[in-house]
Amino acid sequence: MTLFRLAGDLSHVLAILLLLYKIWTTKSAAGISGKTQLMFCMVYVTRYLDLFTSFISVYNSTMKVLFISASVATVYLIYFKFKATYDGNHDTFRMEFVIVPALILALIWNYAFTFFEISWAFSIFLEAVAILPQLFMVTKTGEAENITSHYLFALGSYRALYILNWIDRYYFEGHWDPIAVTAGIVQTVLYGDFFYLYFTRVIKGRKLQVLP
Amino acid sequence: GRFVKTHDEL
C-alpha cells in the first residue's frame with residue numbers, strides 16, 4: 001500500500017468521524033445533506049458486497065466494516081434520531097439525477113457483466129457524484145459551518161490523495177484501474193470550487209460563505 | 001473467479 005493511499009484512507013475516516021462527531025455533539029443535522037449521506041451509504045453497501053467473498057487484508061476488511069457501519073449510523077442520526085433538525089427544505093437535489101446515470105454507466109462500462117462487477121462500477125460512479133446534494137445545499141443556503149467545511153475538505157482530500165496513489169502504482173506496479181481513475185478525477189474536480197473557498201476563507205478564520 | 005481483477009483498494 002502506498003503512503004498516498006494510507007493518507008487518503010485516513011482522511012476518509014477522519015471525514016466520516018468528523019461528521020458523526022458534529023451531528024452527535026450538537027444533536028443537530030442542520031446544514032447536512034441527508035441525500036448525500038444516503039447515497040454514500042448506497043456506495044459502501046454496493047461496493048463492499050465482496051466483504052465475505054474476497055479477503056484482501058485485515059486492514060481492508062476493518063475499513064469496509066467501519067465505512068458501512070459509520071455510514072448507516074450517520075443516516076440513522078439524520079433521518080431518525082435528529083430528524084427534527086434535518087434541513088430537508090434546503091436538501092432539494094434530485095437523487096435520481098445521479099443514481100440513474102451511474103447505474104446506466106455501470107451497465108455499459110464495467111470489468112465484467114456480472115452482478116458483483118456492475119454493483120462495484122455503480123458504486124464507483126455514484127461515489128464520484130454523491131457529494132452534489134451537499135454542495136448544492138451549501139450553495140443554496142450560502143454558507144457552511146466550519147466543522148462542515150472541515151468535513152468536506154477531508155472528504156475531498158481523500159480522492160485527491162488516491163489520484164497520487166494511482167500515479168505511484170501505475171509507475172511502480174503497472175497497476176491501472178481506468179474506472180476508478182476516471183471517476184476519481186471527476187470526484188476531485190467537483191470539489192475544486194470548495195477547495196478554493198476553504199483555503200481563502202476557512203483557513204483564514206472566516207466562515208465559508210458563497211458569494212451571491 | 002467472478003472478478004476480472006481484484007479490487008484491492010477501498
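The figures here come from the full heavy-atom set of this structure, side chains too, leaving out hydrogens, waters and symmetry mates. All chains are named by letter (A, B, ...) in the order of the sequence lines, taking the proteins before the strands, and each is independently numbered beginning at 1.
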Between Tyr162(A) and chain B, with a heavy-atom cut-off of 4.5 Å, which part of the residue counts as in contact: side chain, backbone, both or neither?
side chain
Does atom CG of Asn146(A) have more than 12 heavy-atom neighbours, drawn from other residues, nucleotides or ligands, at distances under 6.0 Å?
yes
Supply the atom-to-atom distance Asp50(A) CG to Thr6(B) OG1, rounded to the nearest 0.5 angstrom.
9.5 Å
Can you confirm whether more than 12 heavy atoms, excluding those of Tyr196(A), are under 6.0 Å from its OH atom?
no
Gap between atom CZ of Phe116(A) and atom NE2 of His7(B) - 0.5 Å precision:
11.0 Å
Please say whether more than 12 non-hydrogen atoms of neighbouring residues, nucleotides or ligands are located less than 6.0 Å from CG in Leu10(A).
yes
Between chain B and each of Trp166(A), Tyr44(A), Phe67(A), count heavy-atom pairs under 4.5 Å; write down the option with the most.
Trp166(A)
Heavy-atom distances under 4.5 Å only: say whether Asn60(A) touches chain B with side chain, backbone, both or neither.
both
Under a plain distance cut-off of 3.5 Å, with no hydrogens placed, do Asn165(A) and Glu9(B) share a side-chain donor-acceptor pair?
yes
Between His175(A) and Asp8(B), which heavy-atom pair has the shortest distance, and what is it?
CE1-OD1, 4.2 Å
Contact part of Tyr59(A) toward chain B, heavy-atom cut-off under 4.5 Å: side chain, backbone, both or neither?
side chain
Mind checking whether Leu10(B) and His12(A) have side chains closer than 4.5 Å, heavy atoms only?
no
Check the surroundings of atom NZ in Lys140(A): do more than 12 heavy atoms from other residues, nucleotides or ligands lie under 6.0 Å from it?
yes
